[in-house]
Amino acid sequence: MTKRVVLIGHPVAHSLSGAMQQAAFDDQGVDATYELWDRAPLALVEAVAELRGDDFLGANITIPHKERIVPLVDRLTEDAHATGAVNTLTKEGKRLIGHNTDVPGFKVALDRLVGKQKMPRQAVVLGAGGGARAVVYGLITEGFQRVVVFNRHLHRAEGLVKHFGRSAAHMELKAMPWHESIIESELAKTKVLINATSIGLMADLTPVPGEIIPPDLLVLDLIYNRTRFLREAEAAGSTVLDGELMLLHQGAAAFTLWTGKPAPLELMQRKLEEARAGGVRSAEGEPTGEPERSGEEQPTGAGAAD
Ligand code: NDP
């Protein structure tokens, strides 16, 4: 029987995961299809129940469901439990196991960004959703000593800090209100800046203006495009990296969990690049990679990062 793997998100039309996962299944002789399921939050419980059927091998979970899905699974792995977020499901019979492969994916990206330098100890994280949880957990386990989380809705950042209370007991993990002047003063004290919001995903917007980004920061955007945030950070003198490497490695880890096989990384990376170059469409059906028009919101390319 051909097995099914689904990506559940809302929206998912922008996803590049399908291109790389289907190619990996075909290349490795895995008889499976990768489907995109656009499910609004109210339809999540029903979608998850369907996954218990024998034809499903597993799933990826993306924006905005990564935290919401936690109580719907039967068991969480250590990374999923620690983050309180799930991006990959596997099956044990009809039981659903929740994993978080964003954590190892983020660590590969962080290592690439830092390069040969000594691993820094201070970071500012913008955003407090499922992706931010993987980032913050990755920073904690990498030995960061001070991490400040800014979020539009402060209570969500506070919830994140509370969630990591015990694992962050040895270091300073703080939630702060989203005010440009406070962000600016924290940026002056940090080495690493990470955008884990979805600002810049569907439109050419940035979470923070380039003027407040000091030179010589290491800047990562989880979105897998050359976002305005990255362009302005680079112009300010920072070293920048987009979310493609994280996307690739979270996908590779998920592939191995579903199939028990090593992931064909080079092929998956090539398929990601092809999908981007081929103009995968955004959730609004806009073609991607269009030249900029001034004065209106723009799609910024292939869109979301998982
Ligand atoms: P969530 O929906 O869980 O969180 C979205 C975050 O973005 C929240 O912090 C939210 O703030 C913030 N946000 C959204 N819109 C605005 C806005 N207009 N103004 C201010 N803040 C805003 O999503 P995820 O955490 O799953 O994903 C976040 C981003 O990271 C997405 O772009 C996703 O594609 C990317 N990602 C990439 C990965 C990769 O492999 N490269 C892996 C995981 C995520 P609030 O809480 O206030 O609403």
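Counting starts at 1 for both ligands and their atoms, in listed order. Count residues from 1 along the sequence.
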Self-check item: Among Ala134, Ser198, Gly251, closest by any non-hydrogen atom to atom 31 (C) of ligand 1
Solution: Ser198
Quiz item: For the side chain of Thr190 and the backbone of Leu187, is there at least one donor-acceptor N/O pair under 3.5 Å apart?
Solution: no
Quiz item: Polar-atom distance check: Leu222 versus ligand 1, any N or O pair below 3.5 Å?
Solution: yes
Self-check item: Contacting atoms of ligand 1, where contact means under 4.0 angstrom from a heavy atom of Gly127
Solution: 9 (O)
Quiz item: Any luck finding a side-chain donor-acceptor pair between Asp79 and Thr77 under 3.5 Å?
Solution: no
Quiz item: Please walk me through it: do Thr141 and Lys107 pass side chain to side chain donor-acceptor pair (under 3.5 Å)?
Solution: CA-CA 10 Å; Thr141 54; Lys107 287 193 178 186; 2.8 Å; yes
Exercise. Could you tell me whether a side-chain N or O of Thr197 sits under 3.5 Å from a main-chain N or O of Gly127, the two making a donor and an acceptor?
Key: no
Quiz prompt | Gap between atom NZ of Lys261 and atom CG of Asp27 - 0.5 Å precision | solution = 10.0 Å
Quiz prompt | Side chain, backbone, both or neither: the part of Arg133 lying under 4.0 Å from ligand 1 by heavy atom | solution = neither
Quiz item: So, Asn100 and Tyr137: side-chain donor and acceptor under 3.5 Å apart, yes or no?
Solution: no
Practice problem: Could you say whether the N/O atoms of Arg156 and ligand 1 ever approach to under 3.5 Å? | Solution: yes
Practice problem: Return yes or no for this condition: an N or O of Gly130 is under 3.5 Å from an N or O of ligand 1. | Solution: yes
Quiz prompt | Close N or O approach (Asp102, ligand 1; < 3.5 Å) | solution = no
Quiz item: Relative to the heavy atoms of Gly243, which atoms of ligand 1 are at a distance of less than 4.0 Å?
Solution: 41 (N)
Exercise. Could you grab the distance from atom CG of Leu247 to atom OG of Ser17, nearest 0.5 Å is fine?
Key: 5.0 Å
Quiz item: About how many Å separate CZ of Arg121 and CE of Met171, when rounded to the nearest 0.5 Å?
Solution: 10.0 Å
Quiz item: Which of the numbered atoms in ligand 1 are below 4.0 angstrom from a heavy atom of Gly129?
Solution: 3 (O), 4 (O), 9 (O), 25 (O)
Practice problem: Could you see which bit of Leu201 sits under 4.0 Å from ligand 1, with heavy atoms only: side chain, backbone, both or neither? | Solution: side chain
Quiz item: Where the closest heavy atom to atom 28 (C) of ligand 1 is concerned, which of Ala157, Gly105, Gly200, Ala196 has it?
Solution: Ala196
Quiz item: Between atom CG of Leu201 and atom CD1 of Ile223, what is the distance when rounded to the nearest 0.5 Å?
Solution: 5.0 Å
Self-check item: Closest to atom 21 (N) of ligand 1 (judged by heavy-atom distance), picking from Ile199, Leu247, Leu220, Leu160
Solution: Ile199
Practice problem: Pick one of side chain, backbone, both or neither for how Met246 approaches ligand 1, counting any non-hydrogen atom pair under 4.0 Å. | Solution: both
Quiz item: Is the closest basic N to carboxylate O distance between Arg276 and Glu274 below 4.0 Å?
Solution: no
Quiz item: Against heavy atoms of Thr197, which atoms of ligand 1 measure under 4.0 Å?
Solution: 6 (C), 7 (O), 12 (C), 29 (C), 32 (O)
Quiz item: Which is closest to atom 9 (O) of ligand 1 in terms of heavy atoms, Asn151, Asp242, Thr101, Leu126?
Solution: Asn151
Quiz prompt | Under-4.0 Å heavy-atom contact with ligand 1, by part of Ala128 that carries it | solution = backbone
